[in-house]
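Convention: sequence-line order gives letters A, B, ...; per-chain numbering from 1.
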Number of protein chains: 2
Amino acid sequence: MPLTISPLYQQIKTLLLENLKAAIWKPGEPIPSEMELAARFRVSQGTVRKAIDALTAENLLIRRQGKGTFVATHHEARAQFRFLRLVPDQGVPHYPENRILEVKSVKAPSDVALALGLRSGAATIFLRRVQSFAGVPTILDELWLPGTIFKGLTYERLVAYKGPMYGLFETEFSTHMIRATEKIRAVCADRATAELLEIKVGAPLMSVERISFTFGDKPVELRRGLYSTDAHHYQNELT
Amino acid sequence: MPLTISPLYQQIKTLLLENLKAAIWKPGEPIPSEMELAARFRVSQGTVRKAIDALTAENLLIRRQGKGTFVATHHEARAQFRFLRLVPDQGVPHYPENRILEVKSVKAPSDVALALGLRSGAATIFLRRVQSFAGVPTILDELWLPGTIFKGLTYERLVAYKGPMYGLFETEFSTHMIRATEKIRAVCADRATAELLEIKVGAPLMSVERISFTFGDKPVELRRGLYSTDAHHYQNELT
DNA sequence: AAGTGGTCTAGACCACTTT
DNA sequence: AAGTGGTCTAGACCACTTC
């Protein structure tokens, strides 16, 4: 009976992941050098490299020659547009301005609970906001977050925070988003949406439902967005 | 004056790419073994591996332990859904049925010429088709292809061909699509589109403009699709 | 048994950054 | 000069496929 064990570098990768998940190495900070990790795990530098390479390919680590290997973070210019695919038809991408409409605690409806892996009726934080580009309201977002993780997230804290929301989640709630899936369709604007986005009732919109995951493929955010594509489009790369 | 040369494995990668581009190694066929390439290029096996790893990550090569390394091809179950992101809301993805509406030679309009890197008025092949899933018309596609490359592509050949269009391009026109960009927005169905997709005039649709590239980042296809998202959605992974 | 890709090692040296 | 990641080598052995 052959006992199949995973390759060493996979095991090392798992060990590194545990340190990231437990936030022993925090976003923005360096992890130990390759030589040190090799000594710690009693393997060669090459094996550690292969594990780090895999995590680098997954955007969890960032290598900087001469400086070290760092835990990726959502505070950083390069990370700002990683999850934001809506870009202007002309000109360069710019940062969105946020207007928080509402933040409240709600019991998870069944579809939200399903998406977040919670029990129906579990505590969640719900928030709505409008994102504008160059003053033009463009995205209407609704977010649901597990209450146990995001307890204490209030309107005041959101408004006070400068920078990307995933940065706030990282720093204030120790929740690092590492992956997301999106389901996109076309819909028509209803009355309430039309008013908020300053468009006509019935105008076509992109509906984008995103589920974001942290370590261990654990879903920690459900986001439903309506995108006005009059002057922007959703940019995607197929490889 | 320091002469900066690229790493050896990058140079090897470029050499391998040249063989792929020139179709010396054809889609579906094996390339020489790592040992043989190492001997040919006078480098170690590890250096060849690193070059092949990079091309594998770009979906240009496929490794099969014990068998060899093969040139990727669009004829293959696993490649069918690589560029097709529209999936049913329920159930498993199925193959689309094609109905070719029109194939003709046209002079490239300026926007098409720009996208394909041609002169305005250059010869192109234009084709329209409807794709259906389980008998339900879902996608209305318009394609422009450079006439110099796709000369001889006729309605008859398209209809006669079984399998994915990119497979046909590969086999019959020696043009291997390796990458694409998509720009997506929401629009309303006009009268003609509504009739073809059997939906109401004004119904919301996803507009997907795709530019596909072959080796050397050369654009070789412009595709404008209108997707009905009543029972399907566009699936995307953010990493 | 022979050939392929996959893993792992030990060591050398290079390129970059900081001290 | 010292420390970091990046490249390259040579060799060993493993896992899988084919003959």
Original post:
Are the aromatic rings of B/His232 and B/Phe133 close, with centres under 6.0 Å apart?
Top reply: yes
Subject >> Distance-only polar pair, side chains of B/Tyr227 and B/Ser207, donor-acceptor under 3.5 Å >> reply: no
**OP:** Might you confirm whether atom CZ of A/Arg40 has over 12 heavy atoms from other residues, nucleotides or ligands at distances under 6.0 Å?
**Re:** yes
Original post:
For C/dG6, what is the paired nucleotide under Watson-Crick or G-U wobble rules, both distances under 3.5 Å?
Top reply: D/dC13
Original post:
Parallel under 30°, tilted from 30 to 60°, perpendicular over 60°: which one fits the rings of A/Phe173 and A/Phe169?
Top reply: perpendicular
Subject >> Within residues 26-46 of chain B, residues whose heavy atoms come under 4.0 Å of DNA chain D >> reply: B/Val43, B/Ser44
**OP:** Show your reasoning for whether side chain to side chain contact (heavy atoms under 4.5 Å, CB included) applies to B/Asp141 and B/Arg223.
**Re:** CA-CA 7 Å; B/Asp141 267 334; B/Arg223 182 183 293 208; 3.9 Å; yes
Subject >> Sugar-phosphate, base or nothing in reach of A/Arg64, heavy atoms under 4.0 Å >> reply: sugar-phosphate
Original post:
Once the angle between the rings of B/His176 and B/His74 is folded into 0 to 90°, is it parallel (under 30°), tilted (30 to 60°) or perpendicular (over 60°)?
Top reply: perpendicular
Original post:
If you measure only the distance, is there a donor-acceptor pair under 3.5 Å linking the side chains of A/Tyr9 and A/Asp53?
Top reply: no
**OP:** Could you list where the contact with chain B starts and ends along DNA chain C, reading 5' to 3', using a 4.0 Å heavy-atom cut-off?
**Re:** C/dG3 to C/dT7
**OP:** May I ask you to check whether over 12 heavy atoms, not counting those of A/Arg119, lie within 6.0 Å of atom CZ?
**Re:** no
Tabulated below should be each protein N or O lying under 3.5 Å from an N or O of nucleotides 17-19 of chain D; please produce it.
none

Subject >> Residues, nucleotides or ligands: over 12 heavy atoms within 6.0 Å of A/Gln90 CD >> reply: no
Original post:
In the strands shown, is C/dT18 matched to any nucleotide by a Watson-Crick or G-U wobble pair with both distances under 3.5 Å, and which?
Top reply: D/dA1
Subject >> Distance-only polar pair, side chains of B/Gln131 and B/Thr138, donor-acceptor under 3.5 Å >> reply: no
